[in-house]
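Everything below concerns the one structure shown next.
What's counted below: heavy atoms across the whole structure, side chains too, no hydrogens, waters or symmetry copies.
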Amino acid sequence: MKDTNFSAESRVLVQGITGRMGSTHTRLMLAYGTPIVAGVTPGRGGQDLDGVPVFDLVEQAQAAVGRIDISVIFVPAYYAVDAALEAIEAGIRQVVIITEGIPPLDMVHLVRRAETTETLVIGPNCPGLIAPHQKLLVGIHPSAVYTPGSVGLISRSGTLTYEIALELSRAGLGQSIGVGIGGDAIIGSSLPQWLQLLDEDEQTEVIVLVGEIGGSSEEEAAQYISETIDKPVIAYVAGRTAPSGRRMGHAGAITAGETGTAAAKITAFKAVGIPVAERPSQIPSLVQKALKSTAQKVSS
């Protein structure tokens, strides 16, 4: 992940560009200002979408347009990992997978390959990433709810990410970045990885972490924050009333007994001193309090 680059200069490729989702969101990304330089759909090479040239293969796209920094994937579930691997083998080191329903064993193979090549994979089953300062949208975030600012927003959820971004924007708290890392049981990048990236990001002053039931990623993140992260972190955990054993929306959002419950995650955050909002509307006030505390420390 040492070459991670999300900026106005990032050159973006869309895999699955001619499909319904791919074409719709390509137009929305272009409208936001994202520099999409090419698209790939096997069998559709030679076409174009609103001026974006379409190729059959990633290699052909590279040969024609030059450097590609990020690939965003709208390919059907049983082909999505092949598309991601094609991008990785072509040297693309940021891969965003919007697709949901990818077989878990396919993801295990992809995660291993990503680790060996130092590729940052966002997703699958995610809204992707938006960087308001850079006018960079890679995925399906509704750009209207985001404003430039200093709050880094990391989330396991999709639509809840948008709701919280809107709450922050209404309170005059813009975002440095908004990223949904994915709701499946096996995903490409973790909460600790993104916490570290935002801790090192100059535009981010405070981090909002949005978790949900299932797995142990929030507990691991809480421990990581207490040991490693210098910037203030605010947490919110969705699924407080979810019944045990029932999957809630995402493949990874399921509890079993006391494992993966909202209560266990909230306890883990509070145990290391991380403020936890009870509802999204409380997040802006907690962020403002954290920013004020940070400013006082700097001035003293």
Side-chain angles (χ1 to χ4, degrees), residues 1 3-8 10 12 25 28-29 32 34 69-74 84 93-100 111 114 119-169 173-184 186-212 217-218 220-221 224-225 229 231 233-238 250 252 280 283 287:
M1 296 200 334
D3 296 322
T4 300
N5 174 30
F6 298 109
S7 73
S10 296
V12 179
H25 288 286
L28 291 170
M29 288 186 282
Y32 189 64
T34 303
D69 302 302
I70 308 169
S71 177
V72 56
I73 294 173
F74 293 95
R93 291 295 170 257
Q94 283 84 229
V95 176
V96 180
I97 308 175
I98 307 301
T99 310
E100 63 177 307
V111 168
T119 301
L120 178 66
V121 176
I122 305 174
N125 190 10
C126 79
L129 174 144
I130 184 168
H133 285 284
Q134 308 293 336
K135 284 296 180 183
L136 179 73
L137 169 61
V138 185
I140 62 174
H141 290 266
S143 60
V145 305
Y146 291 88
T147 52
S150 63
V151 181
L153 178 56
I154 318 168
S155 178
R156 282 182 61 198
S157 178
T159 53
L160 188 57
T161 314
Y162 320 148
E163 179 182 348
I164 291 170
L166 182 58
E167 292 279 359
L168 290 165
S169 293
L173 297 164
Q175 305 82 43
S176 56
I177 195 169
V179 59
I181 65 172
D184 282 357
I186 300 174
I187 55 177
S189 52
S190 66
L191 290 174
Q193 283 177 299
W194 279 99
L195 285 162
Q196 188 62 49
L197 285 171
L198 293 191
D199 199 44
E200 296 171 356
D201 177 47
E202 293 181 0
Q203 290 183 325
T204 301
E205 294 181 26
V206 60
I207 301 168
V208 173
L209 187 158
V210 183
E212 62 183 13
S217 59
E218 290 80 4
E220 293 164 6
Y224 187 80
I225 291 165
I229 303 302
K231 292 177 181 175
V233 179
I234 308 300
Y236 174 76
V237 180
H250 296 157
I283 292 173
V287 169

| field | Sequence neighbours excluded, every pair satisfying side chain to side chain donor-acceptor pair (under 3.5 Å) that has a member inside residues 132-142 | value | H141-Y146
| query | Of T161, L198, L197, which meets side-chain contact (heavy atoms from CB on, under 4.5 Å) against I154? | reply | L198
| query | Can you name the residues that form a side-chain hydrogen bond (donor to acceptor under 3.5 Å, both in side chains) with S169, not counting sequence neighbours? | reply | T147, Q175
| Residues in side-chain hydrogen bond (donor to acceptor under 3.5 Å, both in side chains) contact with T99, at least two apart in sequence or another chain | none
| query | Does the side chain of M29 reach to within under 4.5 Å of the side chain of V72, using non-hydrogen atoms? | reply | yes
| said: Between P127 and I140, is there a side-chain heavy-atom distance shorter than 4.5 Å? | reply: yes
| request: For residues Y162 and V145, report the shortest heavy-atom separation together with the two atoms involved. | output: O-CG2, 3.8 Å
| Would you say L191 and Y224 make side-chain contact, with heavy atoms under 4.5 Å? | no
| remark: CD1 (I234) and CD1 (I164) are apart, to the nearest 0.5 Å, by 11.5 Å
| remark: Nearest heavy-atom contact between P132 and S176 is CD-O, 3.7 Å
| request: Compare all side-chain heavy atoms of I229 with those of Q196 and state whether any distance is below 4.5 angstrom. | output: yes
| Taking C-beta and beyond as the side chain, do V210 and R156 meet within less than 4.5 Å on heavy atoms? | no
| message | Closer than 3.5 angstrom, by distance alone: can the side chain of E100 be matched with the main-chain N or O of P124 as a donor-acceptor pair? | response | no
| Any side-chain heavy atom of I130 within less than 4.5 Å of one from S143? | yes
| task | Rounded to the nearest 0.5 Å, what's the gap from CG on L195 to CD1 on I225? Could you check? | result | 4.5 Å
| Shortest non-hydrogen contact between V95 and A84, atoms and distance | CG1-CB, 4.1 Å
| message | Suppose we screen for side-chain contact (heavy atoms from CB on, under 4.5 Å). Which residues come up paired with E163, at least two apart in sequence or across chains? | response | L160, P280
| said: Run the salt bridge (Lys or Arg N to Asp or Glu O under 4.0 Å) test against D201 and tell me which residues pass, sequence neighbours left out. | reply: none
| task | Over all heavy atoms of both residues, which pair between P192 and A221 is shortest? Give the atoms and the distance, please. | result | CG-CA, 4.3 Å
| field | With Y32 via side-chain hydrogen bond (donor to acceptor under 3.5 Å, both in side chains) - residues at least two apart | value | none
| message | If the condition is side-chain hydrogen bond (donor to acceptor under 3.5 Å, both in side chains), which residues does T159 pass it with, not counting sequence neighbours? | response | none
| request: Without swapping roles, check the side chain of K231 against the backbone of I207 for a donor-acceptor pair under 3.5 Å. | output: no
| Nearest atoms (heavy-atom pairs only) where C126 meets G180 | CB-O, 3.2 Å
| query | Once you round to the nearest 0.5 Å, how far does CD1 of I283 lie from CG of L209? | reply | 10.0 Å
| request: Please list, chain by chain and in numerical order, all residues satisfying side-chain contact (heavy atoms from CB on, under 4.5 Å) with L129, sequence neighbours excluded. | output: F6, I122, L136, I177, V179, W194
| said: Testing the basics here: between G128 and V96, what is the closest heavy-atom pair and its distance to 0.1 Å? | reply: CA-CG1, 3.7 Å
| query | Hey, does the side chain of Q94 reach the backbone of D69 with a donor-acceptor pair shorter than 3.5 angstrom? | reply | yes
